[in-house]
Protein chains: 2
Amino acid sequence: MDAVFHALAHGARRTMLRRLAERELTVGELAEPLEMSLAAASKHVQVLERAGLVKRTVTGRRHVCRLEAAPLASASAWLNFYERHWTERLDALEALFTDEGTDR
Amino acid sequence: MDAVFHALAHGARRTMLRRLAERELTVGELAEPLEMSLAAASKHVQVLERAGLVKRTVTGRRHVCRLEAAPLASASAWLNFYERHWTERLDALEALFTDEGTDR
DNA sequence: CCTATCCTCAACCACATGGTTGAGGATTCG
DNA sequence: CGAATCCTCAACCATGTGGTTGAGGATAGG
């Protein structure tokens with residue numbers, strides 16, 4: 001879980017995932033829109049790989065990457081535990097009004 | 001967004017959030033179950049604060065923390081973009097995805 | 001075979017993270 | 001007042017992160 005959230009904590013890696021959601025891409029294609037060297041982008045791919053978010057298939061000299069979304073499901077499940085807390089605000093406000101009615 | 005995911009990428013901080021989901025807690029109470037010094041735990045609280053996930057109210061010498069779940073809603077929304085990838089295994093409708101570049 | 005291409009690796013650098021200890025400010029309590 | 005409590009800050013250390021450049025392995029294409 002640490003690895004997944006850490007992988008998501010960098011814009012370049014989120015951009016990679018976003019593009020991989022459309023189709024498979026090579027490391028070079030993933031690196032192309034980013035303003036950094038190919039070696040730096042390659043490291044980011046490795047971070048995504050260690051988090052289980054990307055699988056790599058080496059065909060010849062090309063490394064084709066594809067999205068592996070399963071860990072994102074775990075992360076989403078973890079976050080949904082807190083769903084009450086960002087939907088509950090209206091309820092709390094509502095309770096405040098009713099308390100004013102009885103309390104004061 | 002970087003800050004939110006980074007804040008979630010450490011077990012100690014996730015434990016803090018989990019406990020804050022039940023009730024407000026002081027820094028000392030948050031630190032108590034963790035196997036680290038109070039000063040270290042205090043730094044973790046600061047990380048959560050910078051990410052907007054925790055608000056602090058200083059009353060006397062006690063610093064009372066409460067959960068601020070709104071940033072988690074954003075993170076959850078970001079993750080839900082990928083929901084189809086872990087629910088629909090091999091779909092041919094991926095061309096429906098909208099523009100990629102605007103991560104941020 | 002020769003060369004251009006794709007990608008990783010290694011070394012290096014600057015800076016952030018995550019932990020410690022010690023000092024001390026502010027507050028509460030006897 | 002004096003002492004205990006809660007917490008932050010500063011200094012320090014080890015390690016990780018994110019970037020660079022340069023070298024080079026493997027493969028595809030003439």
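Each chain gets a letter, A, B and so on, in the order the sequences are listed, and its residues count up from 1.
Here the P atom of nucleotide D:dT17 and the CG atom of A:L8 are 14 Å apart, to the nearest Å. The CD-C1' distance, from B:Q46 to C:dG19, rounds to 14 Å in whole Å. Residue A:H10 contributes atom NE2, which lies 13 Å from atom C1' of C:dC15 at whole-angstrom precision. Rounded to an integer number of Å, the gap from A:M16 CE to C:dC7 P is 11 Å. Rounded to whole Å, atom C1' of D:dG16 lies 10 Å from atom NE2 of B:H6. Atom CZ in A:R50 sits about 10 Å away from atom C1' in D:dT17, given to the nearest Å. Atom CG of B:L48 is separated from atom C1' of C:dT17 by 14 Å (rounded to the nearest Å). One atom, NE2 of A:H63, and another, C1' of D:dA28, lie 14 Å apart when rounded to the nearest Å.
Residue pairs that meet the ring-ring contact (aromatic ring centres under 6.0 Å, His included) test with at least one member in residues 11-32 of chain B, sequence neighbours left out, do not exist here.
Residues satisfying the side chain to side chain contact (heavy atoms under 4.5 Å, CB included) criterion with B:T26, sequence neighbours excluded, are B:E29, B:R62, B:V64. When the side chain to side chain contact (heavy atoms under 4.5 Å, CB included) test is applied to A:R61, no partner is found at least two apart in sequence or on another chain. Considering only residues two or more places apart in sequence or on other chains, B:H6 meets the ring pair (Phe, Tyr, Trp, His ring centres under 6.0 Å) condition with none of them. Taking A:L34 as the reference, A:A12, A:T15, A:M16, A:M36 meet the side chain to side chain contact (heavy atoms under 4.5 Å, CB included) condition, with sequence neighbours excluded. With sequence neighbours left out, the side chain to side chain contact (heavy atoms under 4.5 Å, CB included) criterion links B:S37 to B:A39, B:A40. Not counting sequence neighbours, the partners of A:H44 by the ring pair (Phe, Tyr, Trp, His ring centres under 6.0 Å) test are A:H10.
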Would you list the protein and nucleotides 24-28 of chain C atom pairs, both N or O, that sit under 3.5 Å from each other?
residue : atom : partner : partner atom : Å
C:dT27  : O2   : B:R61   : NH1          : 2.9

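Comparing B:V64 and A:V47 by the nucleotide of DNA chain D that holds the closest heavy atom to each, the one mapping nearer the 5' end is B:V64.
The side chain of A:R62 contributes no N or O atom lying less than 4.0 Å from OP1 or OP2 of D:dA26.
Only B:T26, B:V27, B:G28, B:L38, B:A39, B:S42, B:K43, listed by number, bring a heavy atom of residues 23-45 of chain B to less than 4.0 angstrom from any atom of DNA chain D.
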- Message: A:D2 vs B:R14, test: side-chain contact (heavy atoms from CB on, under 4.5 Å). Steps then yes/no.
- Response: CA-CA 10 Å; A:D2 286 28; B:R14 289 199 301 277; 2.7 Å; yes

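Within the 3.5 Å criterion, the main-chain N or O of A:R18 finds a donor-acceptor partner in the side chain of B:Y82.
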